[in-house]
Amino acid sequence: MTTRDEIIARLTELLAPFNKEGVPLTPQTDIAAELNIDSAGVMDFIMEVEDTFDIDIPLNVLSETRTIEDLARVVEERLA
Amino acid sequence: MKDLLEKHRPVFERHEVLVQAGADAVGLVNDRVLSPTRAIIGGREVILAGTNNYMGITFDPDCIEAGKRALEEYGTGTTGSRIANGTYAMHRELEQALARVLNRKHCIVFSTGYQANLGMISGLAGPEDTIFIDADSHASIYDGCKLSGAQVIRFRHNDPDNLARKLSRHDPGKGGRLVILEGIYSMLGDRAPLAEFIAVKREYGFQLLLDEAHSFGVLGEHGRGLAEEAGVESEVDFVVGTFSKSIGAIGGFGAGDHPLFEALRWAAKPYMFTASPSPASIATSLCAVHKIENEPWRRKQLMENSRRLHEGFKKLGLKLGCEEVSPVIAVQCPDEPSTLAMWNALLKAGVYVNIALPPGTPGGVHLLRCSVSAAHTEEDIDRIIALFAQVVAAQPGMVAEA
Ligand SMILES: Cc1ncc(COP(=O)(O)O)c(C=O)c1O
């Protein structure tokens, strides 16, 4: 079992290379807006997440996913 | 309450920077177009090397004559949708000609290629279905997926193993599965590894739609596209194409052999709720389709020109979008300022190419995208290479260190 906190920790690690401005990351960080990552960058990050957890995250789900915590919830659901 | 346009301020300001840099590629105006390969831009005659005019057919005398006749005989517009008053005998004739050339039982003509994707994808897939798309798909494919309401899953660009992994953990439930690929990807010019994707299709099962926007008329012995070139046409269930490139007009099509195919005419809103293509556009398209069928020299010339430009760029040491020769030849630049500077310098020196910047590019690369035409002469191609050589020499970081 992977806990929510473990997922958040892993997502934060995966996000580091995309966080070019070195913004401090918290579970509430808005991935696209606060880190100034463009839409294509967000999609590349999501593909890393999919490969890491061996899950699929449909685009439809992403429109309501903004923060690291939101994404962790999606990952948790998909792992279940 | 928040102002609605405020969210676009960053894009607006970014564009202002481009205008300041004198590289407003989006605002570029062709003052006059002289031929498929020449235009007057900013008071100067330039070679066009970024028009997707693959067959060089836009000034073909027969096509122009057919267009003129249609204007006179059928008027300026159809003023109606395909399912109301907007279907003329010509629309049907064009659908039949395309079906024949493509060797398909059915073909539906749409008003643009963008709408062909919206219509085909939203007609084929619904909320119970799942669509798997290549990460580098064209915007019209993304938008078609949204319109369909289906679950949309992306796989890594040109990566059949990644698609297989996604299919292996996917439960289709009550729905179907649609996979969408492109023949030639418009930014880098690379082809889909179609035979490998077909192997995945045989293992997991799905229906396949191939967007041949940049490959119809271009690839395959008869110009039917990548499916013909790769010898897997019977495994491609649906084909989409556009008239805005090799056909040199405006419009698009979807084709296939499915016995229920014609139902898409009543299932695709982008077919039903927009005016049909104008008589002149249909007439020139029909003439161009005949030429694609009967004038294979255009394809040969296009490929020779593409090879010449590809090799010329390689000799200059430029980093290209892909190793395979295709009529889309993208030159990679190190960053945005160098791309803007080079684009500007090229235009001033006399050649127009496309500029492609993130987020519109795969992997965030910066590109000077060239597209080759059958109407380019050998001298044109050599001149394009020479102008690139001149501009590259003045731009540090363009050539990989030996
Ligand atoms: C891959 C692809 N599909 C569809 C289209 C849309 O075609 P159209 O210009 O006819 O709308 C284009 C080009 O614009 C394209 O590159």
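Residue numbering restarts at 1 for every chain, and letters A, B, ... go by the order of the sequence lines.
When side chains are defined from C-beta on, B/Val152 counts as touching A/Asn60, because their heavy atoms get closer than 4.5 Å.
Chain B forms more heavy-atom pairs under 4.5 Å with one residue of A/Pro58, A/Ser63, A/Ala40 than with any other, namely A/Pro58. Counting heavy-atom pairs closer than 4.5 Å to chain B, the top-ranked of the candidates A/Asp38, A/Asp54, A/Ile57 is A/Asp54.
In this structure, chain A has a heavy atom under 4.5 Å from the backbone of B/Phe155, while its side chain stays farther away. Using a 4.5 Å cut-off between heavy atoms, A/Leu62 does not touch chain B at all.
Enclosure of atom CZ in B/Arg9 is not indicated, since only 12 or fewer non-hydrogen atoms of other residues, nucleotides or ligands lie within 6.0 angstrom. Counting heavy atoms of neighbouring residues, nucleotides and ligands inside a 6.0 Å radius, atom CD of A/Glu64 does not exceed 12 of them.
Scanning all heavy atoms of the two residues, the minimum distance from A/Ser39 to B/Pro359 falls at OG-CB, 4.0 Å.
A distance-only check finds no donor-acceptor pair linking the side chain of B/Arg154 to the backbone of A/Leu59 [under 3.5 Å].
Between B/Arg156 and A/Asp51, at least one side-chain N (NZ, or NE/NH1/NH2) sits under 4.0 Å from a carboxylate O, which counts as a salt bridge.
Going from atom CE of A/Met47 over to atom CG of B/Asp159 covers 9.5 Å, rounded to the nearest 0.5 Å.
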